[in-house]
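Taking it in order: structure first as structure tokens, then the write-up.
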Amino acid sequence: LITFNTVMHIYGACGRLSDAKSTFELMLAEGLVPDVVSYNTLVGVYSSAGLYKEAESAMTLMKEAGHRPNLVTYTSLVNAYGKAGQPEKAEVMFGMIQRHSLKPNTVSYNALINAYSSSGNFDDAMRVYGVMKSKRVCPNSVTICTLLTASGKGGYMERTYEILSEAASHNIKLNTALCNAALTALIGGGAYDSADKLFVTMQRDGILADAVTYVLLIKKAGMVDDHMQAQKLFDELCAGAAGLTVEACSAMIDVYAKKGMPSEAQVVYEKMKMLGCRPNVVTFTSLLYAYGAKGLLKEAVSVFEDMVTEGIVPDIVAYTALMSTFNRNGHPEKAVELATSLQHKEVSYNEVFCMELLAACSKLMDWRTALDTFQIMQDAGLVATHRMVHHLLLVIGKSGRVEEMLKLFFKVKEMGLEPT
RNA sequence: CGCACGUCACAUUAGAGGU
């Protein structure tokens, strides 16, 4: 039984949801009776993916089998809603914990705080933290880490130190993950000097920098235009004990991409392969961008092809980067063609992708495709933004279709998007 | 014999668009 539970968990951890589910079914077929942990694992697998509907039906399955959901089950569901970007529902689910006469513990509170953090709602994250303290539930280092992330995402970088002092007052020792979270908040808020200072403090206090720390520092170096420093850090990581990661390599390549140094990016790419670090879709996208931004269309396209040859499935970001390369290098028709060929594939459009497609339409004065794009967006349930609509109006207008343009203008207004 | 010990929930890092 424990073996099956563990296997399910492993599948879930690497995103292979259907394998996790079939393991559960296999378990039944083998005549084993799933226990509370089995069901919780199943709920947890779906929750981490933000699939709250599936998580809820797993809980229903659990009840039908005669098990009562426990604190772990409910906390998973709080997490499910958090991951789905629905903190209000997470809060409701949190309330269910008490309604079933269970007592939320530190992990439950952390999950709820993180639900608010993920959606950028720092105030509510802090509010829940306050409730947690008033109920005498002890915060731990995960709590502090989550709050730091919340402050960064919500744009309250200046509260970093205040939160760190919360850690001190609860006798929570700083660790690497905590410092990384603080560094992220500081760097995200542009407080580069403070970030440097914190890094010095880390070293002084013997808190080891890990691969995540290096990613942050490499990124920061890129942001202050110091690619030499970024490379130095990268070399340090390659040589050091922390271990090289794809994230670090991708970050390094991205620094060069943004600096317009594709050959240096290529060198990093070669080096990572030599060191046995496998490039992923992010790595390839950054490399592609490096070439595309420099006007090297052929090279960019060949990076894309290499990626596919390597058996890596391009995602929506990779496709968008390729489209943008076409657009920037005088081939908007290829961008449109690419988008058209995607209609049969398993990629879901997002707003960025649609904007890039619109940019192509605009260059081609292709108002029909532009309107189609808008329709596809609606069908996909994406909300129309002002930027999107402005772009669209311009394309149609510039194509000389005043009637269609006006029609759209009023249609959008009716949809509830007030003209600015 | 006792004790300890295995499976479930929470946090930090990389890529694309700008009227």
Side-chain angles (χ1 to χ4, degrees), chain A residues 1-10 12 35-45 47-48 70-80 82 105-115 117-118 140-150 152 175-185 187 210-219 245-255 257-258 280-290 292 315-325 327 350-359 386-394 420:
Chain A
L1 180 65
I2 294 178
T3 310
F4 274 96
N5 290 349
T6 308
V7 171
M8 249 201 300
H9 182 232
I10 292 170
D35 65 359
V36 184
V37 175
S38 316
Y39 286 102
N40 279 346
T41 304
L42 198 59
V43 173
V45 162
S47 297
S48 310
N70 62 17
L71 186 58
V72 173
T73 322
Y74 290 114
T75 304
S76 274
L77 280 159
V78 171
N79 187 32
N105 62 10
T106 305
V107 176
S108 323
Y109 276 100
N110 289 349
L112 183 58
I113 293 173
N114 188 45
S117 166
S118 310
N140 62 13
S141 65
V142 175
T143 318
I144 303 298
C145 191
T146 310
L147 289 173
L148 286 167
T149 305
N175 60 23
T176 306
L178 256 167
C179 292
N180 288 344
L183 281 173
T184 306
I187 294 172
D210 65 3
V212 175
T213 319
Y214 276 96
V215 170
L216 298 172
L217 296 174
I218 289 171
K219 190 179 169 180
T245 61
V246 221
E247 286 88 346
C249 299
S250 304
M252 189 62 237
I253 290 175
D254 185 53
V255 167
K258 296 218 160 79
N280 64 13
V281 61
V282 177
T283 321
F284 279 107
T285 305
S286 301
L287 191 58
L288 183 158
Y289 184 82
D315 62 8
I316 190 70
V317 178
Y319 282 118
T320 309
L322 183 58
M323 283 207 330
S324 142
T325 299
N327 274 340
N350 63 15
E351 198 213 332
V352 181
F353 179 89
C354 293
M355 284 298 287
E356 194 62 58
L357 180 52
L358 273 190
H386 278 114
R387 223 167 61 202
M388 185 86 190
V389 172
H390 293 173
H391 218 113
L392 200 47
L393 289 170
L394 268 175
T420 61

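Chain letters run A, B, ... following the sequence lines, proteins first and then strands; every chain starts at 1.
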**Message:** So A:Thr75, base contact, sugar-phosphate only, or nothing? Heavy-atom distance under 4.0 Å.
**Reply:** base
**Message:** Side-chain N or O of A:Asn114 versus OP1/OP2 of B:C10: is the shortest distance under 4.0 Å?
**Reply:** no
**Below 4.0 Å: OP1/OP2 of B:C10 and any side-chain N or O of A:Ser118** = no
Under-3.5 Å N/O pairs linking protein and nucleotides 5-7 of chain B:
unit_1	atom_1	unit_2	atom_2	d
B:U7	O2	A:Asn5	ND2	2.7

What residues form a side-chain hydrogen bond (donor to acceptor under 3.5 Å, both in side chains) with [X], not counting sequence neighbours?
X        : answer
A:Asn114 : none
A:Thr213 : A:Asn180, A:Asp210
A:Tyr74  : A:His100
A:Thr73  : A:Asn40, A:Asn70

**Request:** For A:Phe353, enumerate each residue passing the ring-ring contact (aromatic ring centres under 6.0 Å, His included) test, keeping only those at least two apart in sequence or located in another chain.
**Result:** A:Tyr349
**Request:** Please list, chain by chain and in numerical order, all residues satisfying side-chain contact (heavy atoms from CB on, under 4.5 Å) with A:Val107, sequence neighbours excluded.
**Result:** A:Thr75, A:Asn105
**Message:** Going by side-chain contact (heavy atoms from CB on, under 4.5 Å), name the residues that satisfy it together with A:Ala177, two or more places apart in sequence or in a different chain.
**Reply:** A:Asn175
Output the rounded distance in Å from [atom1] ([X]) to [atom2] ([N]).
X        : N     : atom1 : atom2 : value
A:Asn40  : B:C10 : CG    : C1'   : 14 Å
A:Asn79  : B:A9  : CG    : P     : 10 Å
A:Tyr214 : B:U13 : OH    : P     : 19 Å
A:Ile113 : B:A9  : CD1   : P     : 19 Å
A:Tyr109 : B:C10 : OH    : P     : 18 Å
A:Met8   : B:A9  : CE    : C1'   : 14 Å
A:Asn140 : B:U12 : CG    : C1'   : 14 Å

**Request:** Using a 4.0 Å cut-off on protein heavy atoms (strictly under), produce a 5'-to-3' string for nucleotides 14-19 of chain B with B for base contact, S for backbone-only sugar-phosphate contact, and - for none.
**Result:** BBBBBB
**Message:** Is it the case that B:A9 (base atoms only) and A:Asn105 (side chain only) share a donor and an acceptor within less than 3.5 Å, ignoring hydrogens and angles?
**Reply:** yes
**Prompt:** Does A:Leu216 reach the side chain of A:Thr184, with side-chain heavy atoms less than 4.5 Å apart?
**Reply:** yes
**Message:** For a 4.5 angstrom cut-off between non-hydrogen side-chain atoms, does A:Thr176 reach A:Val212?
**Reply:** no
